[in-house]
Every structure is written in structure tokens, then in C-alpha cells.
Amino acid sequence: MFRKNILLTGFQVIALLILCVSCNTDTGSLGYSAVPENDYVETFSDEFYATSKTVIAPDSLISKTQTTYLGCYTDPTANTQIKADFITQFNCRINFEFPDSVYGIDRFSFPDWFVAQMEGKSVFKTRLVFYYTTYFGDPQSPITFNVRELNRAIDGSNPIYQGFNPKEFCDTLAAPLGTFTVSSQDYNVSDSIRDLSTYYPTITVALPDSISEKIVKHYYSEDGKKDFADAWTFINKICPGYYIEYLDGEGLMFCFDRVVLEIGFNYLNSNGELETAYAEFPGNNEVMQVNKFYNTNLEQFTKDSTATYLKSPFGLMTEITLPIDEMLGTDTILNEAKIIFNCYADTDPYNTQISKPGYILLMQKNSLCEYFNSSASLDNTKMFYAAYDSKFNNYIFNNITSLIDAIAIVRELWFIENNLSGTDADKQAFQQQFPDWNKLLLVPVKAKYDSNNSIVSFTYNDKVTFAKLKGGIAGDSIKIKTIHCYYHQ
């Protein structure tokens, strides 16, 4: 620990008092106009040390996402494996319509030439199309998955947490709609097409044609059209959604941007020609998409006392215990508290694709679920974010004073409510009742932006990231550099 004193007078005192007023939450007793000419303010810097450890992300976080993952990927540097599958609903645009007549619907008649051209062809077709731009692992590694229909509609307004079991929403004793083995290398697409800037990689699998036939015939049934009025009605009346169930294969994980249910049909177009078309029902952020992640070997990181870790999705977080009494144990005013989390240098002989989290959030441990399980906006007084600095390989939180003050105030209010004076015994009683009162979490997050490209909130990071931080019970100390000021009369 070190301390550096600075004595100021005159205009420097006035300037510093303005700084104190602007930085401190308790400003009632400060005012530069009342400072006598011979008085001065003493400022000094200090260092305190926080402890840290690795904790596993709780299953109580909401699992809703915009990106869906499927596959199994092993990080050879950390000896961890992550598997992923997902549930998706499908959106139906408002007041969706099929053409005036579709072949295969009994009440519509067609010319003889139309019927002749349809001879030997499938009347209806069903496809499930997965769109992606990124993946982890070996593109030639195959994975196998099932597609199962959900046996009931899931209320998207109610949260589903990471601890959920997707098999509870479907009949696993019934045969799946299909079983497929795929890789990211689509050999049906030529290199010239794949090299085009407009090329969007997809995986397309065929589902039973009876699905399309059932959906189209429902539309043309009596009052059936009203069940295509919007997404909620479509999900509850026609198609509750699918469970994309990972089965086998290792070394590849897809990151799907969207999944589309395509319903193929044939009709007579406005030019009097036979035309085959596909109606699209996309899985997107307007309906529910829920990933289920299965992590292995996470406990090894919680046992490492020489470092802490961040891993997403739904993997590892770093817990920090602040020395509140030491930092606020004097008659001075805390004006600045800066904390830096340094990462260990990458030593990856396997050249994996896993990167460090782009952003991390520093927040009170007891606020974790409240924040991520609601639509709360970013609170820049009780939680802070930092971007990864690749030049210095660290994350910097420049001033968390308001967070330290907020933590201390909660305890002081508890003392007042219970008619306690704040003795050591009182502090121990508070600690026993609220063991996480001075604990923070570092959480990997993704930023959400407004129309001005300003960060307005964060969501839990569902991308595959990993970082090893200096710290731990027996590792390098985590320094909190502070600036205090003391007013002398």
C-alpha cells in the first residue's frame, strides 16, 4: 500500500473542490465559495486489494436468444466441451395469405394441361432451412440432429431459464420428423457460387410433405384463414414449433442467424402458368428461440486458486469481494476507485477460434438475475461495463465509486433500521444475513445499441468466448487504485 499527499491552495483548492463535488455522491457539506483563503484540501492516492474466484453461471438466467446454436465443440486449450441444441417457434406475418387457388385442395379445379404437368410430382413439399455466417470447429466434421415437433405451444411471454429441459416440450417416445447428418461443407454448391458476396450459407433438410399439406389445407378449411392472422395465433392453432435436438458428432458448432420453415405448394399464377412456390415462416426475434447449452469440465476452473475465468455461453463468471471497510474506513471522501483486470497472454498452440469477450459487465452479485431476466436498461451508477483492450490485454473500470457507495449505503440503512451503531459485531451480523453484500460479478455480455449507435443495455453473451484473468485466492492481487480528499479547516 502506498500514499501520496498533495497540498493545494488558492485557485487549486477551488478547482479541486469542484472536482470533489462532481465525483462524490455525498456533496451536501461541500462548497468552494465558503472556503477561507488559508484553508486547503489534501488529496492522496491509495491502493487496496480485492479477492476473486471463479463461479459457474447459474441456471436461473433466461435462455432466450437471437442466435441459435447447434453442435458440439471442444476447446482443446481448456479441455472443455460445449454442446448446444435449441427450441424455435415460427413467425407468421400479419394477415398472411396463400394464393387464390392451390393444387391439391379439393374445391379448386385446374386445366388438364396443369394436371398433366403435375403428374409424378409432389403436390406439397416441406423444408427447414438454417442460415448461418459463422461456426466453430472443423467445417468437414459432421453432426447429427433430430427435428421434433413440440407437443404444445409455449407462452413466449413467460421466461425460460437455462436450466430448462427441452425434452419436456415434446414427445420423445414418438418418431422424430427427421434425422439428419450435415457439415458446413455443402458440396452441392459450386465454388463460384460460394465465392459470391451475395452467397448466404445454408443447410436445408426435407421434412415430411404431410406437414405442408396439413398447413395449407388448414388455411383453406372453414374459418381456417383466421388462424394465420399473426404469429401468436399461428403458434397456438397450427404449429407450436420444433425442437432441434443434437444427437452426435464432435468438432463443429453452427451459429444460426435464422431458421425458416418453408411450405411448398403449386398454383396457377397470373400468367396462367404452373408455378411452385414456398411460403416462409421464419424463426426470429419476434418469436421465441431458446438455446440449451451443455458445458462439461467447468468445475476444474473453480478449483484454480491462481487465476479466474470468464467463459460463455452460460459458463464461467468471476466473483470479486471488495474491501469496503478498508476503502471507506477513514474520514476522507472517496472520489475515484479504479480497478483493472489483466488477462493472461494467449498460449494457444491449437489456434482455436475462441476469442475473449468483447465486453464485460461489473455488477453486484445479487443483481445478476434481476438485470438479465428483465428489460432493465444500463445503470451507470451500480453497474459498469468495460471493453476488451487488445493492446494491453485487459479490461479497465476507471471509476466505480458510486457502486462502492451504493453497497455501503445499504448496510448503513440496515444499521439504522435495526437501531444498531455499526460495531464490529453489527457488521458480522449483517455479513451473516447478507453474505453477498460486498460481492461483484464480472459477466461476459453483448452490447445493444440505439439508432445513434450508443450502448443502451446488455444481454448475456451467448457467443463462445473464453478469458483467463489474473487473480484468484493465491494468484496476483487485484488492485483498486483510489483517490481520496480531506478538507482541512
Side-chain angles (χ1 to χ4, degrees), residues 88-131 146-151 153 170 174-180 182 186 188-189 193 198-200 202-244 256 258-284 286-287:
T88 181
Q89 296 173 335
F90 298 102
N91 195 11
C92 178
R93 70 175 185 268
I94 296 177
N95 296 321
F96 169 88
E97 292 184 341
F98 279 106
D100 291 337
S101 61
V102 170
Y103 187 77
I105 303 301
D106 293 339
R107 61 187 170 108
F108 298 127
S109 61
F110 293 86
D112 291 341
W113 64 264
F114 189 104
V115 177
Q117 288 190 35
M118 284 299 303
E119 187 174 354
K121 296 181 180 179
S122 298
V123 176
F124 300 100
K125 280 190 173 296
T126 310
R127 302 190 306 203
L128 199 58
V129 185
F130 303 84
Y131 292 81
N146 277 339
V147 177
R148 295 185 179 275
E149 187 173 19
L150 304 185
N151 57 16
C170 54
L177 300 176
T179 300
F180 310 94
V182 300
D186 188 351
N188 295 317
V189 179
I193 297 296
T198 55
Y199 175 65
Y200 202 148
T202 61
I203 293 173
T204 302
V205 298
L207 298 182
D209 295 339
S210 58
I211 295 174
S212 289
E213 182 177 4
K214 178 182 177 181
I215 290 176
V216 175
K217 288 186 174 180
H218 187 113
Y219 177 89
Y220 288 107
S221 65
E222 184 177 359
D223 293 330
K225 182 178 178 179
K226 64 181 177 57
D227 293 335
F228 293 78
D230 51 44
W232 187 91
T233 309
F234 179 79
I235 292 168
N236 281 270
K237 298 290 186 178
I238 301 172
C239 180
Y242 293 156
Y243 170 35
I244 314 301
F256 294 128
R258 61 192 180 111
V259 183
V260 179
L261 175 63
E262 294 188 344
I263 304 302
F265 57 93
N266 299 274
Y267 73 105
L268 193 65
N269 65 23
S270 59
N271 296 323
E273 301 169 333
L274 167 64
E275 185 169 330
T276 300
Y278 286 87
E280 294 189 345
F281 299 88
N284 53 31
E286 296 180 15
V287 294

In a table with atom names and distances, give each donor-acceptor pair under 3.5 Å that connects a side chain of residues 274-281 to protein atoms at least two apart or in another chain.
from, atom 1, to, atom 2, distance (Å)
E275, OE1, N269, ND2, 2.9
E275, OE2, Y267, OH, 3.2
T276, OG1, N266, OD1, 2.6

Check your understanding: With Y242, which residues qualify under side-chain hydrogen bond (donor to acceptor under 3.5 Å, both in side chains), at least two apart?
Key -> none
Pairs under 3.5 angstrom only: tabulate donor-acceptor contacts from the side chains of residues 219-230 to other protein residues two or more places apart or in another chain.
from, atom 1, to, atom 2, distance (Å)
Y219, OH, F98, N, 3.3
Y220, OH, P99, O, 2.4
S221, OG, H218, O, 2.6
K225, NZ, E97, OE2, 2.9
D227, OD2, H218, NE2, 2.7
D230, OD1, W232, N, 3.3
D230, OD1, T233, N, 2.8
D230, OD1, T233, OG1, 2.7

Point to revise | Under 3.5 Å: donor-acceptor pair, side chain of N284, backbone of E286 | key: yes
Check your understanding: Would you call Y243 and N151 a side-chain contact if the rule is heavy atoms closer than 4.5 Å?
Key -> no
Practice item. Answer whether the closest heavy-atom distance between the side chains of V260 and P282 falls below 4.5 Å. Key: yes
Please set out all donor-acceptor pairs under 3.5 angstrom arising from side-chain atoms of residues 111-128, sequence neighbours excluded.
from, atom 1, to, atom 2, distance (Å)
K121, NZ, Q117, O, 3.4
T126, OG1, P208, O, 2.9
T126, OG1, S212, N, 3.1
T126, OG1, S212, OG, 2.6
R127, NE, E262, OE1, 2.9
R127, NH2, E262, OE1, 2.6

Revision key, fill the gap. The reported gap from SG in C239 to CD1 in I263 (rounded to nearest 0.5 angstrom) is 7.5 Å
Point to revise | salt bridge (Lys or Arg N to Asp or Glu O under 4.0 Å) partners of residues 206-221, not counting sequence neighbours, each pair once | key: E213-K217
**Study point:** Quiz item: cation-pi between R258 and Y131, 6.0 Å / 45°
**Key:** yes
Point to revise | Those residues that, when tested against F256, pass ring pair (Phe, Tyr, Trp, His ring centres under 6.0 Å) (two or more places apart) | key: F130, F254
Exercise for review: Taking all heavy atoms of T88 and all of G283, pick out the closest pair and write down the distance.
Suggested key: OG1-CA, 3.9 Å
